[in-house]
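The model shown is predicted, which means the values in this text are computed figures rather than measured ones. Keep in mind that the numbers below use all heavy atoms, side chains included, and drop hydrogens, waters and symmetry copies. Just follow the structure's listing: the first ligand is 1, and inside any ligand the first atom is 1.
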Amino acid sequence: MADDPISSGEPGRRKKVYIETVGCQMNLLDSELVIARLRDEGYELTTDIDQADTILYNTCSVRQHAEDKTYSALGRIKHIKKRRPEVAVGVLGCMAQKDQGAILRRAPHVDVIIGPGQIGRVPELLEKAKAEGAPQLALSLARTAGSRETISASFEGYDPDREPAMRPSPFQAFVRVMMGCDKFCTYCIVPSVRGPEQSRPPAAIVAEARQLAAQGVKEITLLGQTVNSYKFREGDGRTTRLSDLLYALDEIPGVERIKFITSFPNDMTDDLLQAVRDLPTASRYIHVPAQSGCDEVLRRMKRMYSSSFYEEMLARMKETIPGVAVSSDFIVGFCGESEESFERTVGLVERSRFKNSFIFKYSRRQGTRADALFPDDVPEEVKKRRNNDLLAIQTAISLEDNRRLIGTTDVVLVEGPSRSTARREGWDGMSQWMGRTACDRIVVFEGSEGLAGRFVRVSIEDASAVTLFGRVSAEDRAGIPA
Ligand code: SAH
Ligand code: SF4
Ligand code: F3S
């Protein structure tokens, strides 16, 4: 049977799929699920694009840079398609949803275009494109295309049973708790490409976490664009909040650490902070983007809070959860951001002492409110300077706070060999391993395979702005083969 991937081509040869993923953790999770599904259909994963029968790009539209990456990748593979026209090319994810026809115009060699709300249909549409010899599109409805129910239904949840072999790490996993976003920050494309906010039923989340724990997962990261807005109303009117979910997940044997990203400042309720404080499994780490420290800019961004609200929230977090590590995102050079506005952001960063901040230059996104309402009036070189300046300030703070940890001991979940280029003097030639503390700090230490997936105590001996360097306690090293 020609369509059988296992028997097509050379006898016994399985079809090979290659995938590149850009964007956020939600996309990493989607890619894991798509590949797992294709494996069930007889494909195997390859990291060599020249060996692939199917080439997939799971894309991001959050900034122009992310889209450019995908377009240049699609340009680079034109020659592959010319030489081997039977190779199937797919564009999945947020850019597929946003650009639809434009992708086909710019890259006519694409066979399937599948939005994030239709990701479960990848195998079916690859087959169909091949059978019909025509590109296949599967997209969800635009946010203005009908009632909330119809639009929500067009963004289908895809959270099948998890396969251990497909996870980037055997003991860590992402679990989706929410899809979409309803905040509509004026600069942001996410609500259009990921659809309406929808919380998954708690029973489904708990069942997935149980399955993961049975497969050896120790650390679970809950995903949602505004994860602390999670709210699920049962038929009988009972409501489950993120804090309730944390309590339920805490009870699962084997689950030792739980993180959740990304939080929205206005939804940082006390029940959640108390759950993080009280639950031994809850990671004392919260990513809660401020975006700007200037009220005027925040208003134009439609973030729905002021900088003083944000700072009060931070104070509440630090008071409730001793030792909490907080990280943030900032956009510099947003429409109308004056030097004074920027200075207010600098002030916020200086006062807040975030563990780290992700800083982005504003990138106009077609279809957003900001793009329709405000001119993109901060010159590129000013955006660049503000980005560098803010990053330098944050880096100095991260370094200072990390150096204060020298001499302390913390528990680290060992993830694997360190890919970091940060090398400590005198360590050349040793096997560097890395892991994270409960506060999400990266720690590099001398280690070996036997430590992978274990919680070990590490004494911190040195620090850079992004990495702590330490030594695994003798007790935890004992009995582990080198
Ligand atoms: N849902 C998360 C993150 C969304 S996207 C949240 O609300 O915090 C991740 C980050 O990208 C955002 O926090 C923001 O800092 C940045 N971002 C989003 N749209 C952008 C744009 N048009 N230009 C530059 N950065 C942007
Ligand atoms: Fe975008 Fe704002 Fe939603 Fe985050 S909360 S995804 S920044 S619209
Ligand atoms: Fe990008 Fe989509 Fe995530 S636009 S940031 S991949 S939700």
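- Of the N or O atoms in Tyr362, none lie within a sub-3.5 Å distance of an N or O in ligand 1.
- Counted by atom type alone, Gln64 and Arg365 present one or more donor-acceptor pairs between their side chains at under 3.5 Å.
- The closest heavy-atom contact to atom 24 (C) of ligand 1, among the options Lys383, Arg365, Lys361, comes from Lys361.
- For the pair Gln25 and ligand 3, no heavy-atom separation below 4.0 Å is found.
- The distance criterion of under 3.5 Å between nitrogen or oxygen atoms is met by Arg63 with respect to ligand 1.
- At a threshold of 2.8 Å, atom 2 (Fe) of ligand 2 has a backbone or side-chain N, O or S atom of Cys185 nearer than that distance.
- Close approach of ligand 1 to Gln291 is summarised as follows: ligand atoms under 4.0 Å from at least one heavy atom of the residue are 8 (O), 12 (C), 13 (O), 14 (C), 15 (O).
- No side-chain heavy atom of Val217 sits less than 4.5 Å from a side-chain heavy atom of Arg162.
- Between the side chains of Asp271 and Thr269, at least one donor N or O lies within less than 3.5 Å of an accepting N or O.
- Within the cation-pi definition used here (under 6.0 Å to the ring centroid, within 45° of the axis), Arg369 does not qualify as a partner of Phe184.
- For ligand 1, the atoms lying closer than 4.0 Å to a non-hydrogen atom of Pro289 are 8 (O).
- Of all heavy-atom pairs spanning Gly23 and Cys60, the tightest one is CA-CB, 3.5 Å.
- Ion pairing of Glu400 with Arg353 is present here, as a side-chain N (NZ or NE/NH1/NH2) and a carboxylate O approach within less than 4.0 Å.
- For Arg194, the closest heavy-atom approach to ligand 3 falls below 4.0 Å.
- For Thr395 and Ser398, the side-chain atoms include no donor-acceptor pair closer than 3.5 Å.
- Here is the list of ligand 1 atoms found below 4.0 Å of a heavy atom in Asp329: 9 (C), 10 (C), 12 (C), 13 (O), 15 (O).
- Here's the thing with Ser363: one of its N/O atoms is less than 3.5 angstrom from an N/O atom of ligand 1.
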Step-by-step side chain to side chain contact (heavy atoms under 4.5 Å, CB included) determination, Val443 to Thr467: CA-CA 6 Å; Val443 186; Thr467 312; over 6 Å; no

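- Checked against a 3.5 angstrom limit, the closest N/O atoms of Gln225 and ligand 1 fall inside it.
- Below 4.0 Å from some heavy atom of Val62 lie the following atoms of ligand 1, by number and element: 5 (S), 18 (C), 19 (N), 20 (C), 21 (C), 22 (N).
- Shortest contact from atom 4 (S) of ligand 3 to any protein heavy atom: Ser61 N, 3.3 Å.
- Within the 4.0 Å heavy-atom criterion, both parts of Cys24, backbone and side chain, lie near ligand 3.
- The nearest N, O or S atom of Cys60 is not closer to atom 2 (Fe) of ligand 3 than 2.8 Å.
- Salt bridge absent: Glu41 and Lys15 never bring a charged side-chain N and a carboxylate O closer than 4.0 Å.
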